[in-house]
**Student:** 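My questions will all concern the structure given below.
In what follows, chains carry the letters A, B, and so on, assigned in the order in which the sequence lines appear, proteins first and then strands, with residues in each chain numbered from 1.
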Amino acid sequence: MTLFRLGYVAMSVHLHNASPSQTVTYKRFAQMKDQEAAKRKLERTASANLQNCLRLLKHNKAHDIQFFRLSSRLVPLATHEALQGWDYIGPIKQDLKMLGDYAGENRMRLDFHPDHFVVLNARDQEIFQSSITVLKYHYLLLHHMGIDPTHRCVFHLGGRYKDKESSLERFIENWALVPKGIQKMVMIENDDTSYTLNDCLYVCEKLQIPLVFDLHHHMANYDHKEWEENWSRVLETWTHSPLPVKMHISSPKSPEAFKSHADYVDPDMFLTFIEKTAGTTDQIDCMIEAKQKDEALFQLVGELRKHPRIKMRSESSFEWMR
DNA sequence: TACTGTCAAGTTAGG
DNA sequence: CCTAACTTGACAGTA
């Protein structure tokens, strides 16, 4: 039997005034005359973000949701080069621990998806180094939450640079320069413009990195449309992970804007995926990437539970009955 | 209070 | 070579 578990991204459309991504822009920060006071403002914002994050986890618990992507913007300007040397962890240690403890007590799977500024296959050393800085920031947050950082941070292979083959190989070369602790934290996802499922499998198998399969990206960018033929290879990349297989689910906004995320998830496409993968592994955690966030999850569950072969195991998890 | 322009970072497509 | 689009919520200034 395969347990399918649903999660959502970073913020709730139901919980008001609970943004975990409040910020102070660098421009505003630089305008403030008292730099120490400005740093205190950053710290207060970070603390408020973490408090809001805790509210989100409580909301998730109330709805039986145990899978959640944390915002990468919890600490404003944490990795900005003008703020090197700023101890952004110290002032929020208690908040981080409280969040991590709550997640642990309630067996929640939390992870991160830093945005497109992480480019490990960069040609430019500075871009590579700033990518490492961003990953280290994620590592420290996890560490101080008391969460094992293994396989908690997903991103893409990087740029194509007009030569996909050599750019793919450069990811492998650069990987040797990535600190071991950060290597263990990483998962790789197929993207919608450059690196396909095949490309990612090649790298993930070589470097022993779990592959997060994004079905929507696959439909926008593939070598072989039939992903099923490679599904067992995807599962294999998770063999040595302490965590269940993870994937991303979203639907195209429209045929014209195919790559954009729709407000909600199309249940039919998802049901097809479920039918094809049910029974292939113990558990698959599905991250819902939709504009309507948790509401999209609720609506999807509402549709799924009407299906005769779907047996709900909680408000956000289910099995497929053969 | 509601609306609009602006905001750290990178890459790609297009002119 | 340069710029806009991508994606994108939140902030700050203005109406």
**Student:** Could you tell me the separation between the CZ atom of A:Phe155 and the C1' atom of B:dG10, rounded to a whole number of Å?
**Tutor:**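 Taking CZ of A:Phe155 and C1' of B:dG10, I get 14 Å after rounding.
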**Student:** Let's see if you get this right: which residues in residues 11-28 of chain A place a heavy atom under 4.0 Å from DNA chain C?
**Tutor:** A:Ser19, A:Ser21, A:Gln22, A:Thr23, A:Arg28
**Student:** With both distances kept under 3.5 Å, what pairs with B:dG10, Watson-Crick or G-U wobble?
**Tutor:** C:dC6
**Student:** Once you apply a heavy-atom cut-off of 4.0 Å, does A:Lys291 come out as touching a base, just sugar-phosphate, or nothing?
**Tutor:** sugar-phosphate
**Student:** When you get a sec, tell me which of B:dA9, B:dA8, C:dT7 is the closest nucleotide to the side chain of A:Val134?
**Tutor:** B:dA9
**Student:** Is the A:His216 ring parallel, tilted or perpendicular to the A:His261 ring (thresholds 30°, 60°)?
**Tutor:**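 Plane angle between 30° and 60°, so tilted.
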**Student:** Rounded to whole Å, please give me the gap between CG in A:Leu42 and P in B:dA8.
**Tutor:**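 One finds 12 Å between P of B:dA8 and CG of A:Leu42, rounded.
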**Student:** Send over the distance from A:Arg69 CZ to C:dG9 P, rounded to a whole Å.
**Tutor:** 13 Å
**Student:** Does any residue of residues 109-127 of chain A have a heavy atom under 4.0 Å from DNA chain B, and if so, which ones, in number order?
**Tutor:**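 A:His116, A:Phe117, A:Val119, A:Ile127, in order of number.
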**Student:** Need one value for A:Ser131: base, sugar-phosphate or nothing, where a base atom within 4.0 Å counts as base even if backbone is also close, heavy atoms only.
**Tutor:**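 Since no nucleic acid heavy atom lies under 4.0 Å of A:Ser131, the category is nothing.
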**Student:** A:Leu83 CG to B:dA9 C1': how many Å, rounded?
**Tutor:** 14 Å
**Student:** Have A:Thr196 and A:Asn198 got a donor and an acceptor in their side chains that come within less than 3.5 Å?
**Tutor:**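 No - no donor-acceptor pair under 3.5 Å links their side chains.
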**Student:** Give the rounded distance in Å between these two atoms: CZ of A:Arg73 and P of C:dT7.
**Tutor:** 14 Å
